[in-house]
Amino acid sequence: MLDLAFIRDHPDLVREALRKRNTDAPLDRILELDERRRALLKEVEALKHQRNVASKQIGRTKDPAEREARIAEMRAVSDRIAALDDQVREVETELKEALLWVPNIPHESVPVGPDEEANVVVRQEGEPKTADDFGFRPLPHWDLGPMLDIIDFERGVKLAGSRFYVLKGMGARLHRALIQWMLDIHVTENGYTETYLPHMVRREMMVGAAQLPKFEDNIYHDAEEDYWFIGTAEIPLTNLHRDEILSADQLPLYYVAHTPCFRREKMSAGRDVRGIKRVHQFDKVEMYKFVLPETSYEELESLVENAVDLCRRLGLPYRVVEICTGDLGFASAKTYDIEAWAPGSGEWLEVSSCSNVETFQARRANIRFRREKGAKPEYVHTLNGSGLALPRTLIAILETYQQADGSVVVPEVLRPYMGGVEVIRPPV
RNA sequence: GGAGGGAUGGCCGAGUGGACGAAGGCGACGGUCUUGAAAACCGUUGUGGCCGAAAGGUCACCGGGGGUUCGAAUCCCUCUCCCUCCGCCA
C-alpha cells in the first residue's frame with residue numbers, strides 16, 4: 001500500500017509509475033475520495049467538539065428544565081453527527097479498498113519496459129549445457145523422473161488431479177535433502193532464524209502480504225472458515241511482526257522457512273502442463289528480511305547472493321534477471337529473478353525471485369520500528385526471496401546431472417544428506 | 001462439540017453512564033542529591049487522523065465491528081482471541 005499523503009502530494013509521480021507498469025489503478029477515484037473525506041472530517045469534527053463541550057456542561061447542570069433544553073438542542077447536533085459519520089465511514093471504506101489496488105512504485109533503477117521481454121539479464125555464471133556437452137540428447141525431467149521411478153505423475157493425478165505428482169524413493173529423498181541442506185546453510189552461514197509456520201492463515205494476513213484483494217483467483221481457501229492456504233511463506237513471514245513497533249537495534253531481522261505452497265494457477269491454465277514446473281502444491285525455502293529503510297537495497301543484493309550461492313554450490317549454471325517495470329510484481333519496488341538452466345527442458349527456470357517491497361507490505365501489515373526512545377515510529381522495509389523453490393531446483397538438478405545410461409549423479413553437497421548416495425540409478 | 005470466565009496504556013492492575021486518555025504500582029527516560037552508583041525525591045512517559053508554515057488546536061482510539069444515549073472503558077448486539085472444566089483426538 002502506498003501512503004495516502006504521498007499520493008495526494010505526488011499524484012503525477014504515481015500516475016507515471018502506473019504507466020511504467022503498464023497497469024491501471026483507481027487513482028482519480030482515490031484523490032476524489034480523499035478530498036471528500038477531509039471535507040467531511042472538518043465538518044463532523046467541529047460538531048463533535050461542540051457536542052463534547054455541551055455534554056460536559058449538561059453533566060454539571062442541576063436545573064432540570066435547563067438540562068432538558070440543552071439535551072434537546074444537542075439531540076439535533078448528534079443526529080447530524082450520526083449522518084455525517086455514516087458518510088465518512090462509507091467514503092473511508094471505499095478509499096481503503098481502492099488503495100489496496102494500487103501497486104508499489106518501481107525503484108528508479110528498475111529498467112522500464114512493457115513486459116517480460118524487456119527484463120534484463122544482469123549476470124550469468126556457468127555455461128548452459130547443450131547436447132554436445134552431454135554427448136547425448138538430455139531428457140526432460142518428465143521423461144527422466146518416471147524412468148528412474150522417482151516421479152510418479154499418474155498416481156499424483158489419481159490422488160489429486162492434474163498438476164499433482166508424487167515423489168518417490170530417491171526422488172523424495174533428494175527433495176528432502178535439498179530442503180535440509182538449504183535450511184542449514186541459511187541458518188548456520190547466512191544468519192537467518194529458522195521458523196515453522198502456519199500454512200493456512202486468516203484473510204487479513206493475505207491483505208497484509210498484498211495477495212488480496214487483487215489475486216483472490218489464485219488462492220485456495222476454506223469456504224466455511226476463514227482459512228487461506230499460503231501460496232508462499234512470504235505471507236505468514238510478512239505478518240510475523242504485524243502490528244508491532246520494533247526497536248532499531250533489533251533490525252535487521254532475517255527469517256527462513258520451509259513450507260508447502262499452494263497455488264490455483266487458474267490464470268496459467270494450459271501453460272507448462274508437463275512435468276513439475278508449474279503445480280498446485282510445491283515446497284519452497286523462503287528467506288525474509290525486516291530492515292532499516294536506508295539499508296534495504298544493500299539487503300536486496302545480499303539476499304540475491306544468498307540465493308545464487310545455492311545454485312553455485314549445486315553446480316547449476318544460473319543467471320540473474322532484473323525484472324522490468326512492466327513485469328514487476330504488484331508489491332515489489334525491485335525484483336531480481338534467479339534462473340537455473342534446465343538442459344532437458346531446454347529453458348531457464350525461475351528458481352528464485354528476490355524482491356524489495358520497501359514499505360509496501362509494512363504499511364499494510366502495520367510493521368514499524370523506532371529509531372530511538374521517543375522517536376516517531378517509521379515503517380520498516382521488507383524483502384523476500386526464495387532460497388530456493390524446490391521442484392524447479394529438482395528439475396535443474398535431474399536434467400543437469402543426468403548421464404547417458406539414464407542415471408543421475410547426486411551433487412556432491414547433497415550426498416551427506418542422502419546417506420552418501422552418489423548416483424540415482426534406474427530400477428533394474 | 002458442551003458449560004463457564006476473561007480481554008483496559010511497555011507490563012501489572014483499578015474503574016459499571018458525565019470529574020476518564022483513563023487511579024495506583026512496576027518498568028523506562030530526564031533531573032536533584034552523590035567522588036561514582038544505589039536509595040530517596042521531583043518530573044516525563046501511547047498511537048493515528050484532520051486543520052496549521054509552525055506554535056498549537058481538534059477528533060478518534062480501553063480486543064475488532066455495530067448499536068443505545070445529550071454524553072459510553074462502563075449498557076446492548078455481534079465477531080475474534082485467551083483461560084478453566086467436560087467430551088473427543090495425532
Side-chain angles (χ1 to χ4, degrees), chain A residues 1-10 30-100 196-208 212-213 221-228 236 239-251 260 359 361-380:
Chain A
M1 192 162 67
L2 300 183
D3 180 14
L4 179 56
F6 179 86
I7 296 176
R8 178 157 68 222
D9 295 340
H10 310 280
I30 287 169
L31 293 168
E32 187 186 322
L33 288 166
D34 173 52
E35 207 165 313
R36 172 135 180 74
R37 170 175 176 270
R38 287 183 295 147
L40 284 167
L41 281 181
K42 241 164 130 173
E43 189 180 350
V44 74
E45 286 185 1
L47 289 174
K48 282 184 179 174
H49 178 58
Q50 188 189 335
R51 181 179 73 183
N52 286 345
V53 172
S55 288
K56 276 190 181 129
Q57 280 174 4
I58 290 169
R60 284 192 299 262
T61 303
K62 293 283 180 274
D63 177 47
E66 192 188 335
R67 225 179 133 90
E68 259 321 303
R70 298 304 310 263
I71 287 173
E73 201 178 302
M74 276 305 113
R75 200 165 287 150
V77 172
S78 246
D79 287 349
R80 176 73 183 139
I81 288 172
L84 286 170
D85 265 345
D86 281 349
Q87 289 182 55
V88 169
R89 198 173 306 139
E90 222 171 276
V91 167
E92 283 188 342
T93 302
E94 194 187 338
L95 182 57
K96 270 190 213 161
E97 170 70 16
L99 276 171
L100 293 177
Y196 174 77
L197 303 162
H199 301 157
M200 301 185 286
V201 296
R202 288 174 199 293
R203 183 170 219 286
E204 269 315 291
M205 308 305 131
M206 287 288 167
V207 176
L212 286 176
H221 64 104
D222 185 89
E224 273 178 59
E225 306 196 55
D226 186 27
Y227 289 138
W228 294 71
N239 290 284
L240 208 54
H241 292 292
R242 162 179 276 267
D243 294 324
E244 291 182 27
I245 301 176
L246 305 162
S247 68
D249 53 29
Q250 286 177 268
L251 300 175
T359 61
Q361 290 173 329
R363 214 177 280 281
R364 287 182 173 231
N366 192 29
I367 312 160
R368 296 175 293 173
F369 76 102
R370 230 189 278 275
R371 290 193 185 271
E372 54 200 50
K373 259 207 153 38
K376 227 174 100 91
E378 298 171 51
Y379 289 107
V380 298

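Worth knowing before you read on, the calculation uses all heavy atoms, side chains too, and leaves out hydrogens, waters and symmetry mates.
Of the candidate nucleotides C70(B), G66(B), C29(B), C70(B) has the atom nearest to the side chain of Ile71(A). If you check G67(B), C29(B), G18(B) against the side chain of Lys373(A), the one that comes closest is C29(B).
For the residue pair Tyr379(A) and Phe369(A), the shortest heavy atom distance occurs at O-CE2, 3.6 Å. Between Val380(A) and Ala362(A) the shortest heavy-atom distance is O-CB, 3.3 Å. The two atoms that bring Met205(A) and Arg242(A) nearest to each other are SD-NE, 3.5 Å, heavy atoms only.
Aromatic ring orientation, Phe6(A) versus His10(A): tilted (interplanar angle from 30° to 60°).
For Glu224(A) and G1(B), the CD to P distance is 11 Å, given to the nearest whole Å. What separates CD of Glu43(A) from C1' of A60(B) is a distance of 17 Å, to the nearest Å. Atoms NE2 (His49(A)) and P (G71(B)) sit 16 Å apart, rounded to a whole Å.
Separation of the P atoms belonging to G64(B) and G10(B) is 13 Å when rounded to the nearest angstrom. Nucleotides G66(B) and A28(B) are separated by 38 Å at their C1' atoms, to the nearest Å. For C59(B) and G52(B), the C1' atoms lie 15 Å apart once the distance is rounded to whole Å. G17(B) and U74(B) have their C1' atoms separated by 7 Å, with the value rounded to a whole Å. For the C1' atoms, the distance from A39(B) to A55(B) is 40 Å, rounded to whole Å. C20(B) and C89(B): their C1' atoms are spaced 48 Å apart (whole Å). Atom name C1', nucleotides A19(B) and G2(B): the rounded distance is 45 Å, in whole Å.
Ion pairing between a basic and an acidic side chain is recognised when a charged N comes within 4.0 Å of a carboxylate O; Lys48(A) and Asp85(A) show such pairing. Taking 4.0 Å as the cut-off between side-chain N and carboxylate O, Arg67(A) and Asp63(A) do not count as a salt-bridged pair.
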Are there any protein N/O atoms within less than 3.5 Å of an N/O atom in nucleotides 47-51 of chain B, and if so, which ones and at what distance?
| residue | atom | partner | partner atom | Å |
| --- | --- | --- | --- | --- |
| U47(B) | OP1 | Arg370(A) | NH1 | 2.8 |
| U47(B) | O3' | Arg368(A) | NH1 | 3.1 |
| G48(B) | OP1 | Arg368(A) | NH1 | 3.1 |
| G49(B) | O2' | Arg37(A) | NH2 | 2.6 |
| G49(B) | N2 | Glu45(A) | OE1 | 2.4 |
| G49(B) | N2 | Glu45(A) | OE2 | 2.8 |
| C50(B) | OP1 | Arg8(A) | NH2 | 3.4 |
| C51(B) | OP1 | Arg38(A) | NH1 | 3.1 |

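Pairing for U35(B) is absent, judged as Watson-Crick or G-U wobble with the two contacts each under 3.5 Å. Nucleotide A3(B) forms a Watson-Crick or G-U wobble pair with U84(B), both donor-acceptor distances falling under 3.5 Å. Both distances falling under 3.5 Å, in either a Watson-Crick or a G-U wobble arrangement, occur for no nucleotide opposite U74(B). Pair assignment for A22(B): none, as no Watson-Crick or G-U wobble contacts are both less than 3.5 Å. Across every strand in view, A54(B) sits unpaired, with no contact that passes the Watson-Crick or G-U test at under 3.5 angstrom. U69(B) makes up no base pair with any nucleotide shown, lacking Watson-Crick or G-U wobble contacts both under 3.5 Å. When both distances must be under 3.5 Å, the Watson-Crick or G-U wobble mate of C29(B) is G43(B).
Considering only heavy atoms from C-beta on, Lys56(A) stays 4.5 Å or farther from Asn52(A) through its side chain.
Using a 4.0 Å heavy-atom cutoff across all strands shown, Arg203(A) reaches no nucleic acid atom at all. When heavy atoms are screened at a 4.0 angstrom cut-off, Asn52(A) is found touching the sugar-phosphate backbone but no base atom. At a threshold of 4.0 angstrom between heavy atoms, the contacts of Arg70(A) with the nucleic acid are absent.
Residue Arg67(A) places a side-chain atom within donor-acceptor reach of the base of G18(B), judged by atom type and a 3.5 Å distance cut-off alone.
Nearer the 5' end of RNA chain B, as judged by each residue's closest nucleotide, is the contact made by Ala46(A), out of Ala46(A) and Met74(A).
Screening Arg371(A), Arg368(A), Arg370(A) for a salt bridge (charged side-chain N to carboxylate O under 4.0 Å, His left out) with Glu378(A), the sole residue that qualifies is Arg371(A).
At G71(B), one or more side-chain N or O atoms of Ser78(A) fall inside 4.0 Å of OP1 or OP2 (strictly under the cut-off). Of the side-chain N and O atoms in Arg202(A), one or more sit less than 4.0 angstrom from OP1 or OP2 of C81(B). A close approach under 4.0 Å does occur between a side-chain nitrogen or oxygen of Arg75(A) and OP1 or OP2 of C70(B).
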Legend entry - Worked verdict on Arg363(A) versus Leu2(A) for side chain to side chain contact (heavy atoms under 4.5 Å, CB included): CA-CA 8 Å; Arg363(A) 214 177 280 281; Leu2(A) 300 183; 5.7 Å; no
